[in-house]
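Provided herewith is a single structure, encoded as structure tokens, for subsequent inquiry.
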Amino acid sequence: MKRFLDALFAGTDARAEALVRRTAQRYSRRSFIGKAGLFMAGTALLPVLPFDQGGRAHAAEDEDSGDPNDEMSCDYWRYCAIDGNLCNDCGGTITTCPPGAEPSKVSWVGTCRNPNDGKDYMVSYADCCGRAMCTGKYCVNSERERPGYQMGLHNDINWCMANKSMGYHCTVAVLVGMNEAG
Ligand code: ABN
């Protein structure tokens with residue numbers, strides 16, 4: 001075995017050295033540092049480039065009733081910042097997980113205006129976890145959402161990540177507060 005490996009790697013050091021020498025002759029140190037700096041700056045900037053999420057929102061809009069009081073429609077007022085499968089279309093309700101799934105320990109909170117009383121409500125979009133992804137209606141709305149590089153303001157996230165069982169099943173929309181001033 002040793003003889004085989006020796007034969008396989010024979011000359012490897014010499015070839016690597018020759019390659020390094022050729023590269024060093026072709027590029028000056030300054031140009032190498034410049035290129036490496038450019039590469040590193042480019043990769044560091046990549047996550048903060050703006051990206052268009054319009055397509056996601058439109059996909060959901062196309063097939064909806066537009067009724068802000070229809071809990072099965074993505075246009076239901078409480079879903080203004082939801083990103084997920086509706087649990088009420090997956091064997092649960094708008095506030096409870098389907099059997100066998102448990103609510104995520106952390107959740108995304110949005111603020112939605114209820115057109116029936118004109119007040120703003122805080123809505124917690126908790127994910128239900130521990131079962132395979134449900135195939136019920138998927139809604140993507142993004143009121144006050146910001147792109148992914150501000151993670152705390154972004155809703156396209158699997159909130160089951162803090163649970164023991166991280167599999168995402170569906171999302172509920174629970175009212176957790178009302179803006180008294182509004
Ligand atoms: N919050 C719903 C979700 C789950 C997994 C991936 C993206 C969004």
Side-chain angles (χ1 to χ4, degrees), residues 42-180 182:
T43 51
L45 276 175
L46 214 56
V48 299
L49 290 176
F51 58 94
D52 178 16
Q53 297 197 80
R56 294 198 305 140
H58 291 142
E61 270 167 28
D62 290 345
E63 61 208 42
D64 266 305
S65 65
D67 180 357
N69 290 311
D70 175 5
E71 291 184 6
M72 292 305 287
S73 162
C74 295
D75 297 319
Y76 181 52
W77 70 269
R78 228 191 258 191
Y79 301 152
C80 76
I82 198 170
D83 184 328
N85 292 90
L86 303 184
C87 284
N88 43 331
D89 196 24
C90 298
T93 72
I94 187 170
T95 54
T96 55
C97 291
E102 57 169 21
S104 54
K105 293 188 192 309
V106 286
S107 72
W108 156 260
V109 176
T111 303
C112 301
R113 179 149 299 172
N114 181 347
N116 303 297
D117 61 9
K119 291 192 186 325
D120 290 329
Y121 290 82
M122 270 172 74
V123 186
S124 166
Y125 301 107
D127 287 341
C128 293
C129 319
R131 285 183 58 183
M133 186 160 154
C134 152
T135 52
K137 192 176 181 73
Y138 199 97
C139 294
V140 181
N141 289 320
S142 46
E143 245 178 71
R144 298 182 187 83
E145 190 205 3
R146 291 290 173 271
Y149 53 83
Q150 283 180 277
M151 192 172 161
L153 299 177
H154 187 60
N155 67 2
D156 189 15
I157 285 170
N158 180 0
W159 297 107
C160 296
M161 65 179 127
N163 284 48
K164 206 167 184 184
S165 189
M166 291 186 250
Y168 167 73
H169 187 54
C170 61
T171 304
V172 291
V174 182
L175 291 187
V176 289
M178 186 184 83
N179 181 2
E180 301 286 346

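Atoms within a ligand are numbered from 1 in the order they appear, just like the ligands themselves.
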- Item | For the student: nearest non-hydrogen atoms of S165 and G130, plus distance | OG-CA, 3.2 Å
- Would you say the SG of C90 sits under 2.5 Å from the SG of C134?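 Judged by the SG atoms alone, which are under 2.5 Å apart, C134 and C90 are bridged.
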- Query: Taking it one step at a time, do N88 and T93 satisfy side chain to side chain donor-acceptor pair (under 3.5 Å)?
  - Reply: CA-CA 4 Å; N88 43 331; T93 72; over 6 Å; no
- Item | For N114, all residues meeting side chain to side chain contact (heavy atoms under 4.5 Å, CB included), sequence neighbours excluded |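 Testing N114 for side chain to side chain contact (heavy atoms under 4.5 Å, CB included), a comparison that skips the adjacent residues, returns W77, N116, D117, Y121.
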- Quick one: are the C74 and C139 sulfurs under 2.5 Å apart?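 A disulfide is present here, as the SG pair of C74 and C139 is separated by less than 2.5 Å.
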Please produce the table of protein N or O atoms sitting under 3.5 Å from N or O atoms belonging to ligand 1, one pair a line, distance to 0.1 Å.
residue	atom	partner	partner atom	Å
ligand 1	1 (N)	D83	O	3.4
ligand 1	1 (N)	D127	OD1	3.1
ligand 1	1 (N)	D127	OD2	2.8
ligand 1	1 (N)	I157	O	2.7

- Among D64, D75, D70, D89, the one residue meeting salt bridge (Lys or Arg N to Asp or Glu O under 4.0 Å) with K137: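 Exactly one pass, corresponding to D64.
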